[in-house]
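Treat the numbers as computed from the prediction; the structure is a model and nothing was measured. For ligands, and for the atoms within them, numbers begin at 1 and follow the listed sequence.
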Amino acid sequence: MKALVIESYQSNLIRAMQGIRLAETTMPEVGENEILVKVEMAPVNPSDIAFLRGGYQIKKSLPAVPGFEGTGLIERVGKNLQQNLAGKRVSFFAQGDSGSWAEYAVIGLSDFIEVNEKIPPEQAACLFVNPFTAYALVNHIIENGHTALIQSAAMGQIGQFIRFFAKLNNLKVINLVRKETHIDLLRNEGAQYVLNINHPNFADDLKHVACETRTTAALDAVGGELTGKILNSMPDGSEVILYGGLSGLSVGQIDPLEVIFKNKVLRGFNLGDWLNNLSTKEFSEISSEIQQLFVQQNLATRIQQVFSLENFYTGLRSYISDMSNGKILFSMSQKY
Ligand SMILES: NC(=O)c1ccc[n+]([C@@H]2O[C@H](COP(=O)([O-])OP(=O)(O)OC[C@H]3O[C@@H](n4cnc5c(N)ncnc54)[C@H](OP(=O)(O)O)[C@@H]3O)[C@@H](O)[C@H]2O)c1
């Protein structure tokens, strides 16, 4: 099969991208509890970029096929699974050695969902990771009695999904971006609170708004010093949930007095662990709820462009130079 392959992890982003090659590789073997998917489309997410750079939690044996998410039709079914799954369209989360930037991927039993036929492949390709993550994060906010939240990387895809679920549940959102142009874009979409993390008064402004809106929860995808600035600016008893490390830096600037005397907490979130704690029934109900939102087009991932595997380098460049503009997808069809 055709696949994008890396021989090594490269911390330098440009070297990491240059290290990818399009190759003919052997088809992955299907285990008893796995399915073989003929991949149609696969997105590029921040976790893929971190993976290429050797900075992600999941490491695969090298040479490896990158790509953690995608959609396609089930080509073959492992012998312990229901054989009538063959031919169904699925959205999947490739957590094993197999990757989605390939014509075929092998996926574990609990790492795929059957996709509603009304959802187009471009949307199905990005259905598993971000929508479920935003759903889970907003659920955490509601279950813990918060009425407002701060979110960083607010122009990203999870950012827009978080705004959607927050609005549905009457939660106020303080959006943090790093470009002045994104402030206007979000305000034009109706966002009430938008702050630029690079503004010299950012910390004071955030403290003021967080106090005024009594915001006791933050969802941070950036890490580095921003996490500390957010935590220090929030009211007593607040919690910051770190779910991404976009800055590539260790969390810093947390004032110990804020943690010791103001009862503030920093915790993490990982989709895989959250999914593992759901019963089959809960997962299926949430999956139907999310898919209905896509069918009714209340939710949609913003897509910049679709690229063939041959044009992977142009695609990756396009994504990393403007992540807020939407995902790029790799298509395995000859159409692109
Ligand atoms: N924990 C989990 O289970 C889980 C699951 C899914 C995703 N995630 C994480 O969620 C985060 C967001 O993913 P996504 O798919 O929504 O991303 P995305 O759509 O690709 O957008 C990324 C956003 O982050 C901003 N950004 C990038 N680097 C930044 C930095 N150093 N400082 C501030 N802002 C920065 C970009 O803004 P610019 O336009 O300014 O570059 C863009 O708006 C990622 O870290 C991802 O790994 C975590």
Protein heavy atom at shortest distance from atom 16 (O) of ligand 1 = Ile158 N, 2.8 Å
Note the single closest protein heavy atom to atom 45 (O) of ligand 1, along with its residue, its atom name and the distance in Å.
-> Leu246 CG, 3.4 Å
Does Trp274 have a non-hydrogen atom less than 4.0 Å from ligand 1?
-> no
Could you tell me whether Glu7 and Arg21 make a salt bridge, using a distance below 4.0 angstrom between a side-chain N and a carboxylate O?
-> yes
So among Asp204, Ile150, Leu206, which one has a side chain to side chain contact (heavy atoms under 4.5 Å, CB included) with Ser233?
-> Leu206
If you measure from atom 39 (O) of ligand 1 to every heavy atom of Ser324, Gly326, Ser47, which option wins on shortest distance?
-> Ser324
Heteroatom proximity flag, [X] to ligand 1, N/O under 3.5 Å:
X	answer
Asn45	no
Ala153	no
Val129	no
Lys327	yes
Pro46	no
His182	no

Determine whether the side chains of [X] and [Y] contain a donor N or O and an acceptor N or O closer than 3.5 Å.
X	Y	value
Asn270	Asp273	yes
Glu285	Ser287	no
Asn196	Arg178	no
Asn80	Asn33	yes

Using a 4.0 Å heavy-atom cut-off, which part of [X] comes near ligand 1: side chain, backbone, both, or neither?
X	result
Val177	neither
Met155	both
Lys179	side chain
Val222	side chain

Looking at side-chain heavy atoms only, is the closest gap between Ile141 and Leu219 below 4.5 Å?
-> yes
